[in-house]
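This report refers to the structure that appears directly beneath it.
Both backbone and side-chain heavy atoms feed into the values below; hydrogens, waters and symmetry mates do not. Residues: numbered from 1 along the sequence shown. Being a predicted model, the structure only gives us computed values, none of them experimental.
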Amino acid sequence: MMKKICMLTISLCIAASVIAAPQTAFAAKQDKIADYPEILSENLEFERLSDYAVGENSYAFAEGNTLTVLENEIAETYEAKSEVSAIHFFEGVYYYSEKDGTVYSLPECKEADFKMPDFKEDIIVGDYQYFYNTKSGVLTMTDRGASFPEELTVELRDYSRIKQYGNNLYVMGGNKLYTLSGKDASEVSLIYSNFQSLTKISAAGAYSQLNGFSTDLWLVALTEGSNMTEFNLDRLEKDSEYYPVTSPRQNTRTDLKGQALLLCETGENTGVVAIDTKTYIMNRSGYAKIIKLEATPIENATATINAPEWAYSLPFMTGPSRIFQLSPSDDFEVLALVTADSTNKLAHDFYLIEKITEDGRAVQGYVAKEFLNLEYPDVNEGGANVLPDPNESHDDYIRTVVLVLVVIVLALIAAGYITWVSSSGKKIPAKPKREVKDDMEIDDSKK
């Protein structure tokens, strides 16, 4: 038996394929890519489309010996050894046959025990009857409910290969796919993109960078219109193979501008940045390093932590950037402050701290300001310095002092009164003498 070759072609450089073959452009599914790609979203086009099939939210097309399956805006291409004669969808599987009649299944490209159905030339949907003449290539429509004879049969010469999938009729026309209702055809939108490839970006080296402390912090200026895909950095683990990107189309934006904090860079063209509490993955061409984020030194400050917390390798709180834990019983030194403002897009003010580990190593990390209580020494710049009493005592002598003062005041009052009396010429009146009556005889004998 002649060996059949079927190969899944994977193209990372979609733009290059468009230049090389403008009639066909594919965004193939990726198992793994090294970097954030340039995002493309374009119409799938063909130059000599020969057949098609419609599946569950997917389409398959045959063009020469190339087959293309489009699903969720991802176009996968397959190559057969010889020209594909027909393609069909049945019970969740795409089948195709080559010129010699051998049938294969996708995506395995293995020979299949399946009989391709004969092309159905006559299809009736409601009052409409369609007939496709395979010899002349002319499609006609008969309206069996028409009121006038001239409206009974209409030739639809621009269309061919009519097929019915579910409740819909499809036809080919000018290397495009259409749905058919009566005699009116509507083009099917065949948009392909490489958004799904964003879920397969290699995360090699990302965790180790995020988990390594650095004082070399960079702010980047975002290029207007750049693609940035939001993702949850907390889901990145030490052994993660890919960046944890989900729903890439919905989470990709081009309207962000201003500045962001650079968290890490991997591969040749991938960067991860933070704006407030959100993280984004993007191509490095979408930003430029502009300035280092400087921390303001703090001297002679002590601090206590008000709740168990982690110190982070960057002024951004996320799982991969945790480097050591802190508890209220820890002793550490506050070295500097990184301030959040409208420019650098940090979600918090962060203190740079240093802690001595049990084995005597000095480790540094960033802690959000909300978790620390700082205390500064009292400083009096410009006034006289007051030296404290080295023998300061807190005994209560107030009562003794008050009594002494009272005695002194009373003595002063008395002295003042005496002075006033003597200086005014007044005498103290003598006591009155006892009166002796003249007619009273004194009995000497009683003396």
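- Side-chain atoms of E47 and E63, non-hydrogen and from C-beta on, do get closer than 4.5 Å to each other.
- In summary, D100 and K81 do not engage in a salt bridge, as defined by a charged side-chain N under 4.0 Å from a carboxylate O.
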Query raised in the report: Checking side chain to side chain donor-acceptor pair (under 3.5 Å) for the pair T266/Y243: CA distance, chi angles, key distance, verdict?
Result: CA-CA 11 Å; T266 59; Y243 282 102; 2.8 Å; yes

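- Closest heavy-atom contact between V103 and S97: CG2-CB, 4.1 Å.
- For the pair N133 (side chain) and V138 (backbone), a donor-acceptor distance under 3.5 Å is absent.
- Residues passing the salt bridge (Lys or Arg N to Asp or Glu O under 4.0 Å) test with E187 are K176, sequence neighbours excluded.
- F119 carries R161 over the face of its six-membered ring, with the cationic atom under 6.0 Å from the centre and within 45° of the normal.
- Between F350 and H348, the ring planes lie perpendicular to each other; the angle is over 60°, past the 30° to 60° tilted range.
- Judged purely by distance below 3.5 Å, without hydrogens or angles, the side chains of D122 and Q129 pair a donor atom with an acceptor atom.
- With sequence neighbours excluded, the residues satisfying salt bridge (Lys or Arg N to Asp or Glu O under 4.0 Å) with D255 are R253.
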Query raised in the report: Which is it for T252 and T229 under the side chain to side chain donor-acceptor pair (under 3.5 Å) test, yes or no, and what are the steps along the way?
Result: CA-CA 4 Å; T252 299; T229 304; 2.8 Å; yes

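- Ring planes of F46 and F61: tilted class, angle from 30 to 60°.
- For T134 and E121, the side-chain atoms include at least one donor-acceptor pair closer than 3.5 Å.
- Contact of the N65 side chain with the E79 side chain is registered, since non-hydrogen atoms from C-beta on lie closer than 4.5 Å.
- A side-chain N or O of E76 and one of Y78 form a donor-acceptor pair less than 3.5 Å apart.
- Between A80 and L67, the shortest heavy-atom distance links the atoms CB-CD1, 4.4 Å.
- Between the side chains of S321 and S313, no donor-acceptor pair of N or O atoms lies under 3.5 Å.
- With hydrogens and angles left out, the side-chain atoms of Y94 and S58 include a donor and acceptor closer than 3.5 Å.
- Judged by distance alone, with hydrogens and angles left aside, the side-chain atoms of N251 form a donor-acceptor pair with the main-chain N or O of T246 at under 3.5 Å.
- Annotation: salt bridge (Lys or Arg N to Asp or Glu O under 4.0 Å) contacts of K369 (sequence neighbours excluded): D349.
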Scan the side chains in residues 267-281 for donor-acceptor partners under 3.5 Å anywhere in the protein, sequence neighbours excluded, and list what turns up.
| unit_1 | atom_1 | unit_2 | atom_2 | d |
| --- | --- | --- | --- | --- |
| T270 | OG1 | D35 | OD1 | 3.0 |
| T270 | OG1 | Y36 | N | 2.8 |
| T279 | OG1 | F231 | O | 2.8 |

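- The shortest side-chain heavy-atom distance between L156 and L180 falls under the 4.5 Å cut-off.
- Contacts of R48 classified as salt bridge (Lys or Arg N to Asp or Glu O under 4.0 Å), with partners at least two apart in sequence or in another chain: none.
- Considering F324, Y312, F213 as possible partners of Y366, the one that fulfils the ring-ring contact (aromatic ring centres under 6.0 Å, His included) test is F213.
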Requested in this report: Please report the C-alpha distance between F114 and F90 in whole Å, then the side-chain angles of each, then the deciding distance to 0.1 Å, and finally whether the ring-ring contact (aromatic ring centres under 6.0 Å, His included) criterion is met.
Outcome: CA-CA 10 Å; F114 180 78; F90 182 72; 5.7 Å; yes

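- If you check the side chains of D216 and S214, you find no donor sitting under 3.5 Å from an acceptor.
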Side-chain polar contacts of residues 202-212 - donor-acceptor pairs under 3.5 angstrom, sequence neighbours left out - could you list them?
| unit_1 | atom_1 | unit_2 | atom_2 | d |
| --- | --- | --- | --- | --- |
| S202 | OG | A204 | N | 3.3 |
| S208 | OG | G205 | O | 3.1 |
| Q209 | OE1 | E265 | N | 3.3 |
| Q209 | NE2 | E265 | O | 2.4 |
| N211 | ND2 | P320 | O | 3.0 |
| N211 | ND2 | R322 | O | 2.8 |

